[in-house]
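Remarks on the structure that follows.
Heads up: numbering here begins at 1 and tracks the sequence. As the structure is a computational prediction, the values presented were derived from the model and not from experiment.
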Amino acid sequence: MTRTLSLAAFLCGSAIAGHAFAEETTSPAQQSLDDAWWTGSVISNSPAPLPKGHGYVESYFYDARSSGVDAWGSQTYMLYGLSDRVTVGLRPLFGYTRIDGGGGSTRIGTGDISLHAQYALTTYSREKNRPAIAVAIEESLPTGKYDRLDRASNGFGSGARTTTLGIYAQHYFWMPNGRILRGRVNISGSHSDRAHVRDLSVYGTAVGFDGHARPGNSVAFDNAWEYSITSNWVVATDFYYRHDAATTLRDASGVRSRSHASDTFAVVPAIEYNWSPRIGVIFGTRYIPAWGHNTRSVTPVVALSIFM
């Protein structure tokens, strides 16, 4: 976060310094918003509402690689403009895990499905220097298999309902060369209820276990930047942080155990190509360094977006 703010300060400072030479040099033409097409970034959510009656589909495909494991997955955001301020949608998830030496998934599994709704508090205005801001709520439903598994790698659900509240902001900045830098900030918090767990599960329980699990609450912060090189090409980066509190397990006899809380830091550089304002693709890599109880992970990702 510090590095990102320093970059913004440097760019702004360059713009101010350049003003002193305005009388001696010709300022470059400023790029128009209509000439800037966007797809990303990889992680951040947009606060801009969809126009009423329009839809948006963005499908992600990724491979979360860690030591000896490839966790392939796909998730698709399907959104619809219910009104000029309200956007609703859902996000299904699919996965498959390969493990060195065997023990991987025997089939493609479905994860928990999430229902999404957001309300635009403000829309972007250059004249008023006003960012776009939205509040969002997401409800994750326990539709994925998570317990009574034949092997742990066939579990892709949580068994618990999870409610996530978020606030999203987005603003545009014109650089000294006239090109546009788009910035986003997403902040969210999640709370899960209890899941009844039996036998082998995604929570690490063994055959014969009968009890409950309560996933820990989590908070997440994402700061994303996208720079419009041309109408078609954009470079993007996410700076992401997430804290997950410990998950609690309790068996039928009342014996209780807790996992470790975790902190995840990730940097996600990416490049976008947009055929038009309606269709684009983004290629990126999420890098999570080894930190605390987290293992190092590298996740190549590609996503295709279509505005309808």
Side-chain angles (χ1 to χ4, degrees), residues 4 30-64 72-82 84 87-94 114 116 118 120 123-124 126 131-134 136 138 166 168-175 177-186 222-240 266-287 298-308:
T4 307
Q30 289 195 334
Q31 180 185 15
S32 72
L33 285 175
D34 291 338
D35 184 57
W37 305 339
W38 316 90
T39 296
S41 63
V42 170
I43 294 181
S44 66
N45 292 305
S46 172
L50 288 175
K52 182 179 179 179
H54 286 268
Y56 180 79
V57 176
E58 187 167 22
S59 293
Y60 284 81
F61 303 91
Y62 56 87
D63 176 13
W72 290 301
S74 170
Q75 60 179 340
T76 300
Y77 290 84
M78 295 182 283
L79 304 175
Y80 178 77
L82 194 62
D84 287 336
T87 299
V88 297
L90 54 86
R91 177 167 52 89
L93 173 69
F94 300 91
S114 296
H116 179 90
Q118 70 182 60
T123 55
Y124 171 76
R126 186 178 184 185
I133 301 175
E138 191 165 281
Y168 312 147
Q170 176 176 281
H171 204 47
Y172 297 90
F173 306 89
W174 275 260
M175 297 295 96
N177 64 355
R179 308 305 295 181
I180 297 175
L181 179 71
R182 185 169 78 170
R184 285 179 179 172
V185 171
N186 287 182
D222 182 50
N223 182 205
W225 296 94
E226 297 170 88
Y227 177 74
S228 177
I229 302 173
T230 69
S231 295
N232 304 101
W233 292 99
V234 176
V235 290
T237 304
D238 285 275
F239 301 91
Y240 179 80
V267 179
V268 193
I271 187 165
E272 308 170 21
Y273 182 79
N274 301 279
W275 287 276
S276 73
R278 293 176 175 268
I279 303 176
V281 64
I282 185 168
F283 304 89
T285 300
R286 184 191 68 181
Y287 174 70
V298 177
T299 305
V301 58
V302 59
L304 175 69
S305 66
I306 302 174
F307 173 79
M308 297 170 287

Do the side chains of Ile271 and Val234 get nearer than 4.5 Å, heavy atoms only? no
Of the non-hydrogen atoms in Asp222 and Phe239, which two are nearest, and what is the gap between them? OD1-O, 3.3 Å
Using a 3.5 Å distance criterion without hydrogens, assess whether the side chain of Asn186 forms a donor-acceptor pair with backbone atoms of Asn45. yes
With sequence neighbours excluded, what pairs up with Thr237 under the side-chain hydrogen bond (donor to acceptor under 3.5 Å, both in side chains) test? none
Please name the pair of heavy atoms, one in Ser32 and one in Ile180, separated by the smallest distance, quoted to 0.1 Å. O-CD1, 3.9 Å
Contacts satisfying side chain to side chain donor-acceptor pair (under 3.5 Å) that involve residues 270-283 (not counting sequence neighbours) are Thr39-Asn274
Residues two or more places apart in sequence or in another chain: which of them pass side-chain hydrogen bond (donor to acceptor under 3.5 Å, both in side chains) with Tyr172? Gln170
Contacts of Asp35 meeting salt bridge (Lys or Arg N to Asp or Glu O under 4.0 Å) (sequence neighbours excluded), chain-then-number -> none
Hey, could you give me the CZ/CG distance between Arg184 and Asn223, rounded to the nearest 0.5 Å? 12.0 Å
Using a 3.5 Å distance criterion without hydrogens, assess whether the side chain of Asp84 forms a donor-acceptor pair with backbone atoms of Pro51. no
Sorted by chain and residue number, the side-chain contact (heavy atoms from CB on, under 4.5 Å) partners of Ala169 (sequence neighbours excluded) come out as Ile133
Specify the closest pair of heavy atoms between Ala132 and Pro47, including all atoms of both residues, with the distance to one decimal. O-CG, 3.5 Å
Under the side chain to side chain contact (heavy atoms under 4.5 Å, CB included) criterion, do Val302 and Tyr62 qualify, and how do the steps go? CA-CA 7 Å; Val302 59; Tyr62 56 87; over 6 Å; no
Sequence neighbours excluded, which residues qualify as side-chain contact (heavy atoms from CB on, under 4.5 Å) partners of Pro277? Trp37
Between Thr87 and Gln118 (side chain of the first, backbone of the second, donor and acceptor by atom type, cut-off under 3.5 Å), is there such a pair? no
Got a sec, which pairs hit salt bridge (charged side-chain N to carboxylate O under 4.0 Å, His left out) with one end in residues 225-235, sequence neighbours left out? Arg182-Glu226
Tell me whether Trp233 contacts the main-chain N or O of Ser228 through its side chain, where contact means a donor paired with an acceptor under 3.5 Å. no
Could you check, using the six-membered ring where one of them is a Trp, whether Phe173 and His171 have ring centers closer than 6.0 angstrom? yes
Provide the full list of salt bridge (charged side-chain N to carboxylate O under 4.0 Å, His left out) pairs with a residue in residues 55-64, sequence neighbours left out, each pair given once. Asp63-Arg65
Does Asn177 have any side-chain hydrogen bond (donor to acceptor under 3.5 Å, both in side chains) partners at least two apart in sequence or in another chain, and if so, which? Tyr227
What verdict does the side chain to side chain contact (heavy atoms under 4.5 Å, CB included) test give for Val298 and Thr285, after you've listed the backbone C-alpha separation in whole Å, the side-chain angles of each residue and the deciding distance to 0.1 Å? CA-CA 7 Å; Val298 177; Thr285 300; 3.6 Å; yes
Test side chain to side chain contact (heavy atoms under 4.5 Å, CB included) on Val235 and Trp225 and set out the steps. CA-CA 8 Å; Val235 290; Trp225 296 94; over 6 Å; no
Could you grab the distance from atom OG of Ser44 to atom OH of Tyr168, nearest 0.5 Å is fine? 10.0 Å
Test of understanding: with side-chain hydrogen bond (donor to acceptor under 3.5 Å, both in side chains), list the residues that count as partners of Asp238, not counting sequence neighbours. Ser41
Any side-chain heavy-atom pair of Leu50 and Phe307 under 4.5 Å: yes
Can you name the ring-ring contact (aromatic ring centres under 6.0 Å, His included) partners of His116, sequence neighbours left out? none
Check: residues 73-80 side-chain donor-acceptor pairs under 3.5 Å, at least two apart:
| unit_1 | atom_1 | unit_2 | atom_2 | d |
| --- | --- | --- | --- | --- |
| Ser74 | OG | Tyr60 | O | 3.3 |
| Gln75 | OE1 | Arg91 | NH1 | 2.8 |
| Thr76 | OG1 | Ser59 | OG | 3.0 |

